[in-house]
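Values reported hereafter were calculated over all heavy atoms of this structure, with side chains retained and with hydrogens, waters and symmetry mates removed. Numbered from 1 within each chain, the chains take letters A, B, ... in sequence-line order.
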Amino acid sequence: MANVFSKSSSLLRKFLAVSLLAVLLMIIDSFTPWLKPAYSAVDNFVRPLYWIANIPLRVQEWSANSVTPRSEIESDNLRLTKESLIYHGQLQRMSDLAAENMRLRRLLNATELVQDSVLVTEVIGVSATPLRHTLTIDRGTADGVFVGQPLLDAEGLMGQIIGVHKHHSTALLITDSSHALPVQVLRNGLRSIAEGSADYNRLNLKFVSPTADIREGDKLVSSGLGGLYPAGYPVGTVLSIVSKPGDNFLEVDIDPSAEIDRSRHLLLLYTSRDNTADAVE
Amino acid sequence: MQSDNRGIAVCLTLILAVVLTLMPLSGDWIVWKPNFLLLVVMAWVLGWPNGVGIFFAASVGLLADLLLRMSPGHSMIVFALCAGALLLVSRWAKYLSMLQRTLLMALIITLVAVLEASIFIVYGLPSGIEHLPMKILLSIMVWPLIDLSIARLQPNRG
């Protein structure tokens with residue numbers, strides 16, 4: 001019996017030592033950047049493991065592609081050719097509109113629109129915890145990726161880069177609960193802040209007055225305020241608006257435009273302000 | 001397996017747990033994914049109490065924190081607490097049947113899930129408390145597989 005008590009006393013001492021160390025680490029992490037090399041080392045160590053972890057997904061994609069009938073591939077090809085033609089037509093009109101816009105901005109003595117270019121990247125890992133919405137992508141400093149760089153998918157804004165290594169980077173998604181993004185309503189320019197909700201399919205709008213002109217179905221785009229995200233990229237659509245008696249602000253839920261938890265191929269955005277636009281296309 | 005090879009077995013099972021932790025899942029599955037690192041550590045603590053202890057569990061907890069980009073220390077405390085609790089009962093745990101061991105783990109997993117959710121609530125983070133029952137259920141379902149696999153790696157199985 002005495003042995004049991006001495007064992008539990010030894011365990012308690014060890015547990016107290018570990019708890020003390022853990023609290024110390026939490027304090028160090030909160031107030032200093034000293035642990036960043038540790039995060040970086042773990043990221044580099046687990047990079048090959050991401051490749052292994054993605055094998056089932058790759059096998060699934062490969063098998064899905066292998067068993068697709070020829071007729072389906074042909075019809076897909078035909079549809080994509082048509083879509084390409086339509087987009088090329090629209091692009092011609094866009095370049096005309098962009099030139100006209102530039103002329104008008106010059107007349108108004110406004111700053112010129114920045115030219116954006118993109119770099120295609122692939123997701124090699126996703127956050128293993130639902131509390132942190134992050135992605136790991138296969139581009140790093142070797143490709144000119146930098147902290148704060150915006151990330152898009154084909155439908156809209158996905159997030160920003162928060163950690164860069166030589167050949168891979170980590171991005172924080174706009175749905176992460178610690179993320180906030182300045183937006184505006186496309187219809188009338190009403191500005192607000194879209195905050196992550198820790199749900200991949202929802203954002204929340206902050207500080208929207210009960211008298212604000214906002215409706216369900218309104219499209220939201222990045223406003224460009226804050227200088228991190230360029231203006232005009234799709235962010236989401238207003239899903240629901242709830243006004244509670246006594247509350248100072250409306251509760252507005254947004255459906256993100258980007259396919260946050262599904263997109264595999266993404267775009268890293270460079271603007272002419274980043275001095276790296278010539279590196280990519 | 002020889003006793004001196006158990007260190008290698010521990011490393012390999014931990015790497016497998018990290019791979020399973022990193023495996024991308026979509027939809028609700030990501031919220032329901034069991035904490036494989038914790039389950040593997042618990043299985044080793046039960047199976048080899050003299051070889052792995054609180055410091056080992058705390059180190060894996062720290063790795064989990066860095067891996068999941070959480071504030072280092074959270075999982076460290078949780079892993080160490082679970083290991084300490086299991087080490088206290090490890091003398092009797094080897095006489096428990098698989099069902100009894102699974103029930104013991106169910107209790108620990110539930111306590112860990114509630115503890116983590118409480119920490120997140122304190123920090124003002126979304127706790128995902130509505131997903132806890134499913135996460136606990138899936139963890140309990142995979143536990144016998146992990147426990148049996150790690151038991152097979154032990155020498156002198158009686």
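- Only the side chain of B/Leu62 comes within contact range of chain A, with heavy atoms under 4.5 Å apart.
- Contacts of A/Ser178 with chain B are absent, with no heavy-atom separation under 4.5 Å from either backbone or side chain.
- Proximity to chain B (any heavy atom under 4.5 Å) is shown, for A/Leu25, by both the backbone and the side chain.
- Distance check, rounded to the nearest 0.5 Å: CD1 of A/Ile52 to CG of B/Leu22 gives 10.0 Å.
- With a 4.5 Å cut-off on non-hydrogen atoms, B/Val19 touches chain A through its backbone and its side chain both.
- For B/His74, the parts lying under 4.5 angstrom from a heavy atom of chain A are both the backbone and the side chain.
- When all heavy atoms are compared, the tightest approach of A/Ala22 to B/Gly73 is CB-O, 3.6 Å.
- Put simply, CZ on A/Phe45 and CG on B/Leu63 are 7.0 Å apart, with the number rounded to the nearest 0.5 Å.
- Closest heavy-atom contact between B/Met23 and A/Pro56: CE-CG, 3.7 Å.
- Side-chain contact check for B/Ile77 versus A/Phe15: some heavy-atom pair is nearer than 4.5 Å.
- One distance of note links OG of A/Ser10 with CD1 of B/Ile54; it measures 7.5 Å at 0.5 Å rounding.
- Applying the 6.0 Å contact sphere to CE of B/Met141 captures no more than 12 heavy atoms from other residues, nucleotides or ligands.
- Interatomic distance, CG of A/Leu49 versus CG of B/Leu20, reported as 11.0 Å (0.5 Å rounding).
- Of all the heavy atoms in B/Pro72 and A/Met26, the pair that sits closest is O-CG, 3.3 Å.
- Sorted by first and then second residue, the pairs that involve residues 150-164 of chain A and meet side chain to side chain donor-acceptor pair (under 3.5 Å), not counting sequence neighbours, are A/Asp153-A/Ser263, A/Gln160-A/His179.
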